Amino acid sequence: MKKIVWVLLPLFFLSCAKKEVKLPTLPEKGIQEMQNHSQVWLFFEMKDKDTVAIVNSKNTISTTHWIFNIDKRLPLKTIMPSIIKLQNTHANSLHSEEGMHNYFSYADTVSKKLSFLEFDDVNFILSKNIIEVENSSYNNINLIFNQNNIFINGLKTEKSNFKNELLALSAIASEGNQLMLQLYFSQNLLYQDYLFYRTTIHALGNENILINKNEFIFK
């Protein structure tokens, strides 16, 4: 079976078609070994001054893990329809096997290796508006991510302070208050920023900080 333990030199990868994919560079350690995988590529391209995503998934095998290599310069609105479609294809193929997952790849600047973030259980919802979801069983925290700022339950915070704000939430959760994070991302957010927020949240998660599987991508 195929196995990946790739060192982060250089910070991008080339497909068989020799097109460049610039992966997100993030200061969070993720999964770093992978067996039995196949690759999905989403390339950055400009057409008539518009940014488009060129998808190459022709080498995917339904009985393997799927690694999504996505260019960090792409906005969410150009990649989410393809991600949703491929996620459904992988889950519902006649030849799909239990235990095979989907992963985002990125360059981990801490360990200098390629890392992976699983998103198999995420239900991406494309929405025209922000639809606030409340669950009476938990203390609900709504996180809204725009291009230039972040709102945590309506309070604005800066990207540079986001991790500290999450640590504060973690302290609250450690006192026995189970939190449910509901995530909302602007469709204009770049994939680099999206994965920064997702890996940061994932790194601080524990049994008292849960993430709602329904993730909204809003206009």
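Just so you know, these numbers use all the heavy atoms, side chains as well, and skip hydrogens, waters and symmetry mates. All values reported here derive from a predicted model rather than from experimental measurement.
In this structure, Lys29 and Val110 have side chains that are not in contact, with every pair of non-hydrogen atoms separated by 4.5 Å or more. With contacts defined as side-chain heavy-atom distances shorter than 4.5 Å, the pair Ile84/Leu126 qualifies. For the pair Ile125/Phe216, a side-chain contact is recorded, criterion being any heavy-atom separation below 4.5 Å from C-beta on. The shortest distance between side-chain heavy atoms of Leu183 and Tyr197 does not fall below 4.5 Å. The shortest distance between side-chain heavy atoms of Ser186 and Phe218 falls below 4.5 Å. Residues His37 and Tyr103 have side chains not in contact (no heavy-atom distance under 4.5 Å, counting atoms from C-beta outward). Side-chain contact check for Phe119 versus Phe124: some heavy-atom pair is nearer than 4.5 Å. In this structure the side chain of Ile201 reaches within 4.5 angstrom of the side chain of Leu143, judged on heavy atoms.
Hydrophobic clustering of Ile, Leu, Val, Met, Phe, Trp and Tyr side chains at less than 4.5 Å, counting indirect connections, keeps Ile61 apart from Met100. Taken together through direct or relayed side-chain contacts under 4.5 Å among Ile, Leu, Val, Met, Phe, Trp and Tyr, Leu166 and Ile152 form part of one hydrophobic cluster. By the rule that hydrophobic residues join a cluster once side-chain heavy atoms approach within less than 4.5 Å of another member, Tyr138 and Ile209 end up as members of separate clusters. Cluster membership check: Phe151 does not share its hydrophobic cluster with Leu155, using side-chain heavy-atom separations under 4.5 Å among Ile, Leu, Val, Met, Phe, Trp and Tyr. In the hydrophobic cluster analysis, where Ile, Leu, Val, Met, Phe, Trp and Tyr join through side-chain heavy atoms closer than 4.5 angstrom, Ile67 is grouped together with Ile54.
Of the inter-residue distances, the one linking Asn188 atom CG with Asp193 atom CG reads 12.0 Å to the nearest 0.5 angstrom. Atom CD of Gln32 and atom CZ of Phe116 lie 8.5 Å apart (nearest 0.5 Å). Taken to the nearest 0.5 Å, the CD atom of Glu45 stands 11.5 Å off from the OG1 atom of Thr78. In this structure, CD in Glu118 is found 6.0 Å from CD1 in Ile31, a value given to the nearest 0.5 Å. Taking NZ of Lys72 as the start and CG of Leu26 as the end, the distance is 9.0 Å to the nearest 0.5 Å. With values rounded to the nearest 0.5 angstrom, His202 atom NE2 is found 9.5 Å from Glu28 atom CD.
No donor-acceptor contact under 3.5 angstrom links the side chains of Thr109 and Thr25, judged on distance only. Looking at Asn69 and Gln39, their side chains do bring a donor and an acceptor atom within 3.5 Å of each other.
When all heavy atoms of Leu74 and Leu42 are compared, the closest pair comes out as CD1-O, 3.8 Å. When all heavy atoms of Gly30 and Ser115 are compared, the closest pair comes out as N-OG, 3.5 Å. Here the closest heavy-atom approach between residue Ala53 and residue Ile79 is recorded as CB-CG2, 4.0 Å. Pro24 and Ile70 get closest at one heavy-atom pair: CD-O, 3.7 Å.
Using modelled atom types, no side-chain atom of His90 and backbone atom of His65 make a donor-acceptor pair closer than 3.5 Å. The backbone N or O of Arg73 sits less than 3.5 Å from a side-chain atom of Asp71, completing a donor-acceptor pair. Without hydrogens or angle criteria, Gln182 side chain to Asn214 main chain gives a donor-acceptor distance under 3.5 Å.
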Worked check of side-chain contact (heavy atoms from CB on, under 4.5 Å) between Asn142 and Ile130: CA-CA 10 Å; Asn142 292 314; Ile130 295 175; over 6 Å; no
Worked verdict on Met80 versus Gln187 for side-chain contact (heavy atoms from CB on, under 4.5 Å): CA-CA 9 Å; Met80 275 302 165; Gln187 66 170 3; over 6 Å; no
Lys85 vs Val55, side-chain contact (heavy atoms from CB on, under 4.5 Å): CA-CA, chis, key distance, verdict: CA-CA 11 Å; Lys85 181 179 179 180; Val55 182; over 6 Å; no
Step-by-step side-chain contact (heavy atoms from CB on, under 4.5 Å) determination, Asn92 to Thr89: CA-CA 5 Å; Asn92 299 317; Thr89 298; over 6 Å; no
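Evaluated for a ring-ring contact (aromatic ring centres under 6.0 Å, His included) with Tyr191, the options Phe68, Phe104, Tyr106 yield exactly one hit, Phe104.
In this pair, Phe162 and Phe196 present their aromatic rings tilted. The plane angle is within the 30 to 60° band.
Shown here is His101, whose NE2 atom has more than 12 heavy atoms of other residues, nucleotides or ligands within 6.0 Å. Heavy atoms from other residues, nucleotides or ligands lying under 6.0 Å from NZ of Lys159 number more than 12. For Glu207, the CD atom sits in a loose shell: 12 or fewer heavy atoms of surrounding residues, nucleotides or ligands are nearer than 6.0 Å.
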